[in-house]
Every structure is written in C-alpha cells, then in structure tokens.
Amino acid sequence: MVTYAINHLQCQFLCHQICTVLVPQIPSRHQFPLLTTKLKITVLKSIGFVRWVILKKPWKHYTALKNVNLIQELTVLFCSFVLILKSLEVGKKVRSIIDDNGIAIDGVLGGKLVFMYVTCGELKEGRRVFDKIDNEKVFLWNLMMNEYSKIGKFKESMHLFKKMINLGIEVDSYTFSCVLKCLAVVGSVKEGELAHGYLLKLGFGHNNIVVNSLISFYFKHGRVENARKLFDELNVRDVVSWNCMISGYITNGMAEKGLQVFKEMLCLGFDADLATMVTVLSGCANRGAPMLGRAVHAFAVKACFYKEITFDNTLLDMYSKCGDLHAAVRVFEKIENKSVVSWTSMIAGYTRKGISDGAIRLFRGMVREGVEPDVFTITSILHACACDGLLEIGKDVHNYIKENDMQSSLYVSNALMDMYAKCGSMEDAQLVFSQMPVKDIVSWNTMIGGYSKNCFPNEALNLFVTMLQELEPDGVTMACILPACASLAALQRGREIHGYILRHGFSSDRHVANAIVDMYVKCGVLVLARLLFDMIPAKDLVSWTVMIAGYGMHGFGSEAISTFNEMRKAGIEPDEVSFISVLYACSHSGLVDEGWRFFNIMRYECNIEPKLEHYACMVDLLSRTGYLSKAYRFIEMMPIAPDATIWGCLLSGCRIHHNVKLAEKVAEHVFELEPENTGYYVLLANIYAEAEKWEEVNKLREKISRRGLKKNPGCSWIEIKGKVNIFVAGGSAHPQAKKIGSLLKRLRLKMEEEGYSPKTRYALINSDEMEKEAALCGHSEKSAMAFGILSLPPGKTIRVTKNLRVCCDCHEMAKFISKNARREILLRDSNRFHHFKDGHCSCRGFW
DNA sequence: TTAGGGTTAG
C-alpha cells in the first residue's frame, strides 16, 4: 500500500477536500468504466489515499474531525469506495469507524453497508445489517435475493420475496426476474405459472425484462411451447428476447431451431449483440455441436466480435468443450490481453483432456504473467491435481486457498475435498469437510463417494445415514453410496438402497442405473445385473464397461468379449477403461489370443496408448497361462516403467507354475519398488513353501519381522439377515466357533474318505502335518462358509467375501461342499468371483 | 437484473 507522509494540518485539509471536492466527483461503480483513462487514474489515486485514511485513521487526533455528522458523511463515502475497491479488509475498517464513533446506522448508511458487505462477499454480515434497518428500497431487496440465488440458496431468496410482498413493498421488474430465475432451478412449473398469473395481475405482462425472464423460465422447465407463445405474443421484441429464444432452443436439445431463430433475427434486421454470440456459442459448447460453433465463429469474425475478450473466451471454451483442444489453443494464443477467464478456460480444457501437467504448466504461466487466479481457476487446477493424483501440488493450492481466504466458496471447498479423496487422503478431505460452515449436496456426495472408493465402505454408509438427517440425497448420492455396498458385497444393504432409489424415482438417472448394475455384479448377482443392464434404455460407455467388467470378474470371458463387440456395434467407441475391462476378462479366463487381439485393436485401431493397467492385464494373462519368460520379456520391452503391480502379476504366475528361480529374480524388482508391501513377501514365502524350501521361508520370515512388517490378516465375511458376520484367520471369537469347528472337521473327514487330501503346502507353516491341517481349518473363508451352511436354509446360495485371495485348500473344500452338501457357493476374493456348483468352480483354475 | 471459465457418478 502507498503511504502518505502527512502532517496534522495537511490531514485536516485533505479530509476537508474529500468531503467537499472529492465526494461530488466520485463516480458510481457503473460510471467508472466509462471514464477517460486520465480521470480513472485520478480516481484510483484518490481511492489509494482514502484507503490509507481509512486504514491509518489519522483523524483520530483531530477534534475538528470528531464531529459525528462529518464522520457519518465520511463513512457513507467510504462505503462507496469500498464498493470500488471490493476489499473486505477496508470494509471492516469502515464498520469499526462506525461502531467506534457510535454512529447510528440509518436507512442511507445501512443501505450502503449492505451493498458494501454483499459486494465484498460477506453476505451473512450484509444480511444482519439488512435485517436491522427499516428498508423499503426495492433495490436492496432485489440485491439480497440475487445474492442468495447466486450462491444457490434459492429457497432463501424466495423467502425474502414472500416477506417483501407481506410487508407491502412495491416489487419491480427485477424482482420478478430474480423470482423466475429461482423458480427455474427449485420451483415447479406450477409455481412458475402462479408467479406468471401474479405478474400479469400487477401489470408486468408487457414488461420485456419480466417476459424475457418468463421465457427463460419455461425453457428451463422444458416448456418450449409456452416460451414460444410468449415470444410470439411480445409486441416489442428486444435483443434479449431473441437471445432467450436461441439459448432456450439450444439447451433443450433443439440446436437447429435455435440457429433458425438466430437466422430469423438477422433477416428481420435485428443486430445480434455480444450476448447473442456468447449464447449461441455456449449453447454449442453444452450440446457438443462444433459444426454450428464453427459457423458462428465465421459469422462473428465478419461482424468483428472477435475483438471482444468475452467472445474470445466463449469461443475457446466452445472448442475445448467440443473436444477440439487445438482450435481452443489457437484462439487462446491470439488473445492479446488474456484475462483470468481465458486462462481458466484453457486450464479446464487441458484438464478435461486428461493433460494435467499441461494444466499445471498453464497455471504457473498465468501466475508468472501476473494474472491472479480466482476461485474458478483454483477449482479447475484442483480438478487437474485430482485427476492425476498430484497430492503435493494439491496441498500447495490448499495453502494458496487459505492465504487468499477462498474456503468460503463451496466450489473451492468441494473441489479441495475431491482432490484429497482422489489422491487417497481421506483424513485431509475429512478435515476440510468438518471445517465447512455450510455444506451442500456436492460436499456430502464427494465425501461419501471418497470413502466408498478409498476402501472405507463403513464410513461411507455411516456418513450416508448422517446425511439423511440433514438433507435430501439426490441421484449422485445414490451413485456414490452404491459402490460402498459393492465393496462390502453387502447384498442386503444394496437391495435396501435399490429400494430407496425406486421409491424416490432415481432409477431413470443413468449414473444411478450403472451403479446399480455394478453393485449387483460385485455382490455376485450377475443374472440380475444383466437384467437391469438390459433395461437401461440408452446405455452409455460406462453401462457397457460395468457389464464387461462384471463378466470378467465372474470368469465369463467369452460373454465379456461378446458384450464388448455388441457395444461397438451399438456405435459406442471404447475408451481406455473399457479396454482394461475386456483385457481383465481375457486374463481371468485365460484367453491369450483374444487378449493380444484386443491389445492390438486398442493401440492400432483406436489409437489408445496403453497405460500401466493395460500392461498389467497383459502380464497377468501371459503369466497365468504359463508364458512366464514371454511375460518377462514383455515387461522389459514396455515403453513406460513397470510398477510393483506388474512385476507382482508375474510373481503370482511364478507361483501358479512353480517357477522358483524366476520368482526370485522377479521378487527383487517387486521389493525394490514396494519394500513395505507385506503381500509380496508372503507370496514369495508361499512359493518357497510349496517347493518345500523351508530355509528360504524362514529367511523371509525374519526379513519381514526385521522390517517390522505385519502380514495383513486374512478376513472373510458373510451377510446373514442383513447382519455382517466377520471371521478372522485363526480366530475363535465367534459365538458359534465350536459348532463351526466341528462341522469343518466332519467335512474334512468326508473329503478324505472321498480321496481329497488337504493342500497343506499352502499353510505357510513349517511344522508337522497335523498342525498345518489345524491352521488350514482356521482359514477365515472356511469358517464363513461353514457358518453359512449352519445359518442359511438348505438350497440357499452361500455368499462369502474375502479381503485376500482365496487359498487353494479352501478352494478345494468349497468345490467339495458345493457337490457334497448341494450348495452353491459364491466366494468373492480380492481378485475375482468364484462360483462353486456341483464340485466345479467358474474360475477354472484362473485366479 | 439476457451474456464468458469451476465441484460430486466406471
């Protein structure tokens, strides 16, 4: 801030000058942009001075200025300045001057204060003042209503409207404009029609501002005919009326008609204005209509709109949203004075394309150029961090948010939580969530979805219950909570939520429909999933991908492939995720040739560069089917660095095919990349155990305990009558543990009678056979299956979920039970589903 | 006070 060296007399003089000379010269906010550059500089200098006067309060020392009237005049003036400065800091100083001097807040000063607070983003304080003063100015009521609708509190805005009607305050056209805007979002058509009747009664039927808003209202509710009728009946159509029609048609999916109105408007000699261009272009962007967008671009260039920054920004956004990032970049590069909007649109464009590093490069570029990021920019850059899991950069952005006091923006806080959730840091997300004074539905959904996806299904379900006490969930909530049921394989819970969805009419939402299919797939009810999938009227890429992945998970490789082909026939192009699903399906069914075929289709036909996940599927496929050295060479040839998962797939393959020598070589890579992951040590230990290399097993054991690593305990659960029963490996804490134990013993005897011998090599214990057998009996999935037999009526499928991969002995026993006790068993392990029936498993040995 | 950029869903 500039400081002013000033003595007592000068201060007195300057304060006098402010009141007598400057006051009449202060332009209003609206006049300011119209001033000449020279005048603007003069005003800005004065503002700099006044800012200093306010912050330093030099008048405190002068009796002459302690005159209350003078201070009151000054404060009114200061409020006006704050409106230009938009600085809450200065605004607060003004307030303290008022309070310190005991100045009464009357209508004039109160009104100024309200306007000042609202402009500085302190709506709450503005409302407090607003409520205190006797206010009959319709302008202030409109202001408050507009502010509430800007932050999405449409109900509060409507509440104010009712209040002003009750107080008998005369409404104007802007009041109706705001009311209709609110009703467009939260109201029903019926309420809008009531407002329509009311405004006709008050004589606003020919007021363009009101009728234009009414047209927009009907369009937003899809009542195209009503909107058209109003437009046709308008005596005098202004450019806004035309713009409303164009935008209305485009957003209702009638882009052609919108363009027709646009042409008609031009033919009738109406001049399209900037808003027309912006409306048409943003309509093209939202509908994904680049052809129309390009035509408008050409027209606008002829009409010289391209010099307007707003136009350029909309144009670049249109290209970016229509997927043509190159065209967007060309527009961006031509903009001479890039505004914060230009930069943000470009950043959002890169993020949309998944080029997070490009987005971050742009972000740094804009800061370098001295363009200050605003809440929109911050939200976009957080999204880029979220997409790429860039936690450290995300944390830097969080610091920037704190320094610049941006947390109060719901968009910012929500994007921040989403970033933390997607980067896997739910503690940080929870911290942001708990500190938010106001939360909206997106905040709740983000947290619930975050917990669901980060393997905290219970936290997600608990938060969902809390949410129900606070606000109504929406379709997105459903799509966020269902994966929690899916990850728990909590079929009962999932069914309840499915019921809730049906009762509340969320089932027509495609995201919800997809999530339901996914939930039933992961809860093991594949047939129902397929049925519900078939019922989705317009399946999107996600619907198909869920189904393909579902077949893969259940070991139906050829069904997954035919669904994939069906999808392409339906005209839906696969993306990288759907290729992961089909490759995964191939690997879980041992379909080597088909796997290669899809890998090549992806690369050469669809031009999708394989990512780590795709390579992992291929390595998995080769390893499972015994092509171990081929898999090794494949990894070595990879153009990107393999991660531990990829080497881990090969290590699993080494176990299946008992290749100890290669396993040792592969394990070196795995341990180097993920030295803390106990699972891989256990895997190698099992490979040694199966080869009866007990010395090596012990060495590994020592290594594990030296490093202080603990084996992730095996844990299985089974849902009986909605209650989840959990079994831990070797545990006997369950109330029915004894019964379960004796049932398992009986089963084991029967198995031996029929020639099965226990697969003791999988026990990872180097002791006598008896102890090994006891350890095998204690495996959590066996206990859960036995509990299922004891608790469920005959003939009912037993559904068990396990946190780790199923062991071979348990797998054998499940096969036996399915034949001997005539029970279907559905076992979901950490990798896939095993469906046991009549002594066979759907995995056919691939797991 | 018709008009440009941003958050949740495989």
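The figures that follow rest on heavy atoms only: side chains count, while hydrogens, waters and symmetry mates do not. Within every chain, numbering begins at 1; the chains are lettered A, B, ... in the order of the sequence lines, protein sequences first and strands thereafter.
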For a quick check of understanding: with a heavy-atom distance under 4.0 Å over all strands, which category does [X] fall into, base, sugar-phosphate or nothing?
{"X": "A:S409", "answer": "base"}
{"X": "A:S339", "answer": "base"}
{"X": "A:V278", "answer": "sugar-phosphate"}
{"X": "A:S380", "answer": "sugar-phosphate"}
{"X": "A:R352", "answer": "sugar-phosphate"}
{"X": "A:I309", "answer": "base"}
{"X": "A:T446", "answer": "sugar-phosphate"}
{"X": "A:V512", "answer": "nothing"}
{"X": "A:V375", "answer": "base"}
{"X": "A:N142", "answer": "nothing"}

Out of [options], whichever nucleotide has its closest atom nearest the side chain of [X]:
{"X": "A:F376", "options": "B:dG6, B:dG10, B:dT7", "result": "B:dG6"}
{"X": "A:A275", "options": "B:dA3, B:dG6, B:dT8", "result": "B:dA3"}
{"X": "A:S345", "options": "B:dT2, B:dG5, B:dG10", "result": "B:dG5"}
{"X": "A:L541", "options": "B:dG10, B:dT7, B:dA9", "result": "B:dG10"}
{"X": "A:D575", "options": "B:dG10, B:dG5, B:dT2", "result": "B:dG10"}
{"X": "A:L274", "options": "B:dT7, B:dG6, B:dA3", "result": "B:dA3"}
{"X": "A:D418", "options": "B:dG5, B:dT2, B:dT7", "result": "B:dT7"}
{"X": "A:D273", "options": "B:dG6, B:dT8, B:dT2", "result": "B:dT2"}
{"X": "A:V412", "options": "B:dG5, B:dG6, B:dA9", "result": "B:dG6"}
{"X": "A:D374", "options": "B:dA3, B:dA9, B:dG5", "result": "B:dG5"}

Between [atom2] of [N] and [atom1] of [X], the distance in whole Å:
{"X": "A:M478", "N": "B:dG10", "atom1": "CE", "atom2": "P", "value": "15 Å"}
{"X": "A:F533", "N": "B:dG10", "atom1": "CZ", "atom2": "C1'", "value": "13 Å"}
{"X": "A:N404", "N": "B:dG6", "atom1": "CG", "atom2": "C1'", "value": "17 Å"}
{"X": "A:I580", "N": "B:dG10", "atom1": "CD1", "atom2": "P", "value": "14 Å"}
{"X": "A:L583", "N": "B:dG10", "atom1": "CG", "atom2": "P", "value": "20 Å"}
{"X": "A:L180", "N": "B:dT2", "atom1": "CG", "atom2": "P", "value": "11 Å"}
{"X": "A:N454", "N": "B:dA9", "atom1": "CG", "atom2": "P", "value": "11 Å"}
{"X": "A:D518", "N": "B:dA9", "atom1": "CG", "atom2": "C1'", "value": "11 Å"}

Tell me whether the side-chain N/O atoms of [X] come closer than 4.0 Å to OP1 or OP2 in [N].
{"X": "A:K422", "N": "B:dA9", "value": "yes"}
{"X": "A:S247", "N": "B:dA3", "value": "no"}
{"X": "A:K453", "N": "B:dT8", "value": "no"}
{"X": "A:H383", "N": "B:dG6", "value": "no"}
{"X": "A:K321", "N": "B:dG6", "value": "yes"}

Discussion item. Between the base of B:dG5 and the side chain of A:T344, is one N or O donor paired with an acceptor at under 3.5 angstrom?
Written reply: yes
Please check this pair: side chain of [X] against backbone of [Y], looking for a donor-acceptor N/O pair closer than 3.5 Å.
{"X": "A:N208", "Y": "A:V236", "value": "yes"}
{"X": "A:S380", "Y": "A:A348", "value": "no"}
{"X": "A:D388", "Y": "A:L390", "value": "no"}
{"X": "A:H221", "Y": "A:L183", "value": "yes"}

Fill in: A:W141: partners by ring pair (Phe, Tyr, Trp, His ring centres under 6.0 Å), with sequence neighbours left out
A:F130
Item to complete: Could you give the distance separating B:dT7 and B:dA3 at their C1' atoms, to the nearest angstrom?
Response: 23 Å
Worksheet item: P atom, B:dT1 versus B:dG5: distance in rounded Å?
Response: 16 Å
Worksheet item: Can you name the residues that form a side-chain hydrogen bond (donor to acceptor under 3.5 Å, both in side chains) with A:S507, not counting sequence neighbours?
Response: none
Worksheet item: A:T279: what forms a side-chain hydrogen bond (donor to acceptor under 3.5 Å, both in side chains) with it, not counting sequence neighbours?
Response: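 side-chain hydrogen bond (donor to acceptor under 3.5 Å, both in side chains) check on A:T279 returns nothing, list empty.
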Practice prompt. Apply the ring-ring contact (aromatic ring centres under 6.0 Å, His included) test between A:F564 and each candidate in A:Y551, A:W544, A:Y584, A:F598; give the one that qualifies.
Written response: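 Passing option: A:F598.
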Practice prompt. Could you list the residues that satisfy side chain to side chain contact (heavy atoms under 4.5 Å, CB included) with A:V239, not counting sequence neighbours?
Written response: A:N243, A:M265, A:D273, A:T276
Worksheet item: Taking only residues two or more places apart in sequence, or in another chain, which ones meet A:I309 in a side chain to side chain contact (heavy atoms under 4.5 Å, CB included)?
Response: A:N313, A:I335, A:S339, A:S342
Worksheet item: So which of residues 436-444 of chain A are in contact with DNA chain B, with a heavy-atom cut-off of under 4.0 Å?
Response: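 Heavy-atom contacts with DNA chain B come from A:V442.
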Worksheet item: Can A:Y411 be said to stack with the base of B:dT7, given centres closer than 5.5 angstrom and planes under 30 degrees apart?
Response: no
